[in-house]
Amino acid sequence: QVQLVESGGGLVQAGGSLRLSCAASGRTFSALAMGWFRQAPGKEREFVSGISWNGRTTYYSDSVKGRSTISRDNAKNTVYLQMNSLKPEDTAIYYCATKMAFGLWFDQTRPEEYTSWGQGTQVTVSS
């Protein structure tokens, strides 16, 4: 089981930026597809962004497209989510998720596809 630890959340003013990090345990990170999801109070968990196991394909929700960039550093077993031009509606707990996907494709926007989740990091954007 891969262990995931998110960091980088916090309180930021609207228009500001944050970089979320997700560190994964184990030696198979380069074979892992990674995703970011978020959940606001009273709402369902929603897809934010994903990156394929080989880093060649990235995915973004319409709500963050153009404002966010996902990347991975296999040497550090870490995936990042750079978020810019933050809005109050971005306020949520952000979760990192993963699935072993070496050579395989799956729909990375579906939370039920992932097999391991982090504990989440709170992002609060003030207006």
Side-chain angles (χ1 to χ4, degrees):
Q1 188 81 353
V2 178
Q3 304 296 319
L4 302 174
V5 179
E6 302 97 333
S7 61
L11 174 64
V12 64
Q13 288 189 331
S17 298
L18 283 174
R19 188 177 79 156
L20 306 184
S21 300
C22 173
S25 64
R27 296 179 288 180
T28 59
F29 183 76
S30 61
L32 300 176
M34 306 296 296
W36 285 98
F37 291 77
R38 67 186 182 188
Q39 188 165 19
K43 295 188 177 181
E44 293 187 354
R45 190 169 297 190
E46 66 171 355
F47 170 76
V48 176
S49 183
I51 187 166
S52 62
W53 65 274
N54 58 11
R56 293 176 184 173
T57 306
T58 56
Y59 308 89
Y60 298 95
S61 66
D62 288 342
S63 60
V64 304
K65 192 176 296 182
R67 301 189 293 122
S68 298
T69 303
I70 190 170
S71 61
R72 63 189 299 153
D73 185 338
N74 288 351
K76 296 182 178 179
N77 280 18
T78 300
V79 63
Y80 303 98
L81 182 66
Q82 176 70 43
M83 300 190 297
N84 302 319
S85 302
L86 284 162
K87 306 174 182 180
E89 51 263 44
D90 293 318
T91 295
I93 299 175
Y94 284 70
Y95 298 92
C96 178
T98 187
K99 175 177 179 175
M100 182 67 67
F102 182 73
L104 300 176
W105 180 91
F106 68 98
D107 186 347
Q108 290 197 230
T109 69
R110 293 165 53 89
E112 57 267 35
E113 292 282 353
Y114 293 84
T115 55
S116 296
W117 291 80
Q119 293 300 306
T121 185
Q122 176 71 48
V123 171
T124 303
V125 184
S126 63
S127 57

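Heavy atoms only: backbone and side chains are in, while hydrogens, waters and symmetry mates are out. Each residue takes its place number in the sequence, starting with 1.
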Between [X] and [Y], is there a donor-acceptor pair closer than 3.5 Å when you use the side chain of the first and the backbone of the second?
| X | Y | result |
| --- | --- | --- |
| Asn74 | Phe29 | no |
| Tyr114 | Gln108 | yes |
| Thr91 | Val125 | yes |
| Thr115 | Thr98 | yes |
| Arg72 | Ser52 | yes |

Min side-chain heavy-atom separation Glu46-Ser61 under 4.5 Å: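 Answer no - side chains too far apart.
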Heavy-atom closest contact (Trp117 atom, Pro111 atom, distance):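 Closest approach of Trp117 to Pro111: CZ2-O, 3.4 Å.
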Closest approach of Met34 to Cys96 (non-hydrogen atoms, all atoms of both residues):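 Distance-wise, the nearest heavy atoms are CE-SG, 3.6 Å.
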Same cluster (ILVMFWY, side-chain, under 4.5 Å), Phe47 and Leu86: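 No, Phe47 and Leu86 fall in different hydrophobic clusters.
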Ring-face cation contact, Phe37 with Arg45, 6.0 Å cut, 45° max: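 No - Arg45 does not lie over the ring of Phe37 by the 6.0 Å and 45° rule.
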Electrostatic pair Lys87-Asp90, nearest N-O below 4.0 angstrom: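 No salt bridge links Lys87 with Asp90.
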Heavy atoms from other residues, nucleotides or ligands near CZ of Phe102 exceed 12 (cutoff 6.0 Å):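 No.
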Gln119 atom CD, over 12 foreign heavy atoms within 6.0 Å: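 Not buried by this count: 12 neighbours or fewer within 6.0 Å.
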Option from Thr69, Leu20, Val123 for which side chain to side chain contact (heavy atoms under 4.5 Å, CB included) with Leu81 holds: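 Looking at Thr69, Leu20, Val123, the match for Leu81 under the side chain to side chain contact (heavy atoms under 4.5 Å, CB included) is Leu20.
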